[in-house]
S.K.: 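Following this message is one structure expressed as structure tokens.
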Amino acid sequence: MKATFNPPVRTLMGPGPSDVSPRVLSAMARPTIGHLDPEFIRMMDEIKEMLQLLFKTKSPLTMPVSAPGSAGMEACFVNLVEPGDKVVVCQNGVFGGRMKENVERFGGEAIMVQDDWGKPVDLDKVEKALADNDNVKALAFVHAETSTGVRSDAESLCALAQKYGCLSIVDAVTSLGGIDVDMDGWGIDAIYSGTQKCLSCPPGISPVAFGEKAIDAVKNRKTPVPSWFLDKNLVMGYWGGGGKRAYHHTAPVNSLYALHESLVMLHEEGMENAWQRHQLHHDALRAGLEAMGVNFLVDEECRLPQLNTVFVPEGVDEAEVRTRLLNEYSLEIGAGLGALAGKVWRIGLMGSACNRRNVMFCLSALENTLSSMNAPITRGVAALAAEAVYNA
Ligand SMILES: *Cc1c(COP(=O)(O)O)cnc(C)c1O
């Protein structure tokens with residue numbers, strides 16, 4: 001016989017999942033009810049309203065897809081890309097590469113705009129790709145590249161999509177809740193996010209919204225959407241509102257309680273306040289790390305506050321540091337991916353994990369661990385530098 005699984009209590013400061021607040025965890029433990037129960041449907045309507053506020057959209061096709069962020073990505077591409085469609089895909093990290101995969105698997109042609117990992121998407125290169133190619137169906141890019149900690153200029157990229165008459169598909173998995181995302185203001189046509197980054201929910205749900213032009217594109221497809229589960233035409237019957245809900249699939253009832261609670265918390269705090277909180281704790285963490293002699297990969301003007309990518313000091317075995325942080329402090333930080341593997345750490349300050357206690361704890365754990373490994377860092381200054389930011 002196996003015993004009950006009791007996970008250790010960790011502090012999650014990696015690239016996701018982030019710490020889930022006790023309020024959200026206890027919401028999840030409430031009694032399961034039927035997914036067509038009128039009370040459940042009332043809650044679904046509230047989730048939709050709160051997601052519309054968060055995405056800053058009036059789009060009726062705003063819903064949580066019952067699967068993780070990757071499924072939100074797939075929902076956008078499988079509905080909007082038909083065989084032969086050209087899509088300009090911006091890649092400056094891991095997730096742009098996944099967009100390319102999606103486009104190609106659904107029979108589209110991905111026209112790649114490549115930028116270095118650690119740099120934002122270059123607007124001039126995107127404009128050139130849009131100008132050089134006829135009949136581009138969509139421009140796809142990642143707003144907040146979690147593999148590097150870079151913020152790209154979503155507003156200007158969407159303006160380019162509009163200038164060249166194509167749809168915009170935006171990955172907001174890590175941006176939503178941590179920095180401003182303005183679907184209607186920027187003219188985003190299709191957007192997806194995830195629950196486990198700055199919304200601080202357990203992983204497994206992907207908020208998605210399609211604007212009017214994207215809905216028209218789905219309705220006017222020449223071929224049926226090749227995924228039954230993610231076909232927006234079908235899911236609309238369940239999430240579309242208008243009073244009547246038809247069975248499509250059994251919603252992950254308790255996970256949606258969690259999403260509801262996290263959205264209530266976010267709106268209680270206020271979105272602007274949440275963004276400011278992410279910026280403040282990022283500033284404190286940055287001051288501490290830089291005082292210690294640990295430097296950032298990304299230029300200041302395009303750094304994400306919620307994902308801090310820093311260079312591993314000379315001669316340090318980065319995997320050993322992460323193992324020791326986990327074993328000795330129960331603290332999780334992230335490793336580098338792809339070309340950055342072994343060279344950087346990714347320190348998340350997402351959602352509930354983004355607080356003063358975590359910043360001070362992480363600085364102290366990292367300083368102690370690096371010191372004990374004789375890493376070339378300056379001791380005794382990180383906490384003071386971070387506190388100076390809080391006391392300013
Ligand atoms: C985490 C992440 C995803 C994938 O989300 P999952 O919930 O892991 O499927 C997609 N895009 C970006 C930018 C991410 O950070």
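Position 1 is the first residue of the sequence; numbering continues from there. As the structure is a prediction and not an experimental result, all values here were calculated from the model. Start at 1 and go down the list; that is how both ligands and their atoms are numbered.
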S.K.: Which one holds for Glu145 and ligand 1: side chain close, backbone close, both close, or neither close, with close meaning a heavy atom under 4.0 Å?
M.R.: neither
S.K.: Between Arg23 and Glu261, is there a salt bridge with N-O shorter than 4.0 Å?
M.R.: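 A salt bridge is present here (some side-chain N lies under 4.0 Å from a carboxylate O).
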S.K.: Looking at Arg30, I'd like to know if its CZ atom is crowded, meaning that more than 12 non-hydrogen atoms belonging to other residues, nucleotides or ligands lie closer than 6.0 Å.
M.R.: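 More than 12 within 6.0 Å, yes.
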S.K.: Heavy-atom contacts with Thr146 under 4.0 Å: which atoms of ligand 1 show up? List them by number with element.
M.R.: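 In order of number, 12 (C), 13 (C), 14 (C), 15 (O).
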S.K.: Quick one: nearest non-hydrogen protein atom to atom 8 (O) of ligand 1, plus distance?
M.R.: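 Minimum-distance protein heavy atom for atom 8 (O) of ligand 1 reads Gln196 NE2, 3.2 Å.
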S.K.: Can you list the atoms of ligand 1 that are under 4.0 Å from a heavy atom of Thr174?
M.R.: 15 (O)
S.K.: Which is closest to atom 1 (C) of ligand 1 by heavy-atom distance: Arg98, Lys197, Met350?
M.R.: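 That would be Lys197.
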S.K.: Select the closest option to atom 6 (P) of ligand 1 among Gly194, Gly69, Gly348, Gly96, judged by heavy-atom distance.
M.R.: Gly69
S.K.: Starting from atom 3 (C) of ligand 1, what is the nearest protein heavy atom, named by residue and atom, and what distance separates them?
M.R.: Phe95 CE2, 3.5 Å
S.K.: Apply side-chain hydrogen bond (donor to acceptor under 3.5 Å, both in side chains) to the pair Asn254 and Thr32, showing each step before the final yes or no.
M.R.: CA-CA 6 Å; Asn254 293 57; Thr32 303; 2.7 Å; yes
S.K.: With heavy atoms only and a cut-off of under 4.0 Å, state how Ala144 meets ligand 1: side chain, backbone, both or neither.
M.R.: backbone
S.K.: Using every non-hydrogen atom in the two residues, find where Leu167 and Ala214 come nearest and quote the distance to one decimal.
M.R.: CD2-N, 4.1 Å
S.K.: Please state which protein non-hydrogen atom is closest to atom 11 (N) of ligand 1 and give its distance, to 0.1 Å?
M.R.: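 For atom 11 (N) of ligand 1, the nearest protein heavy atom is Asp171 OD2, 2.7 Å.
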S.K.: With Lys232 as the cation and Phe210 as the aromatic partner, state whether NZ or CZ is under 6.0 Å from the six-membered ring centre and within 45° of the axis.
M.R.: yes
S.K.: Relative to Phe296, does Arg286 satisfy both conditions: NZ or CZ under 6.0 angstrom from the six-membered ring centre, and within 45 degrees of the ring's axis?
M.R.: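 No, Arg286 and Phe296 do not form such a contact.
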S.K.: Using the ring of each side chain (for Trp, its six-membered ring), is Trp228 parallel, tilted or perpendicular to His248, with breaks at 30° and 60°?
M.R.: parallel
S.K.: Would you mind checking which non-hydrogen protein atom is closest to atom 9 (O) of ligand 1, with the distance to 0.1 Å?
M.R.: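 The closest one turns out to be Ser70 OG, 2.5 Å.
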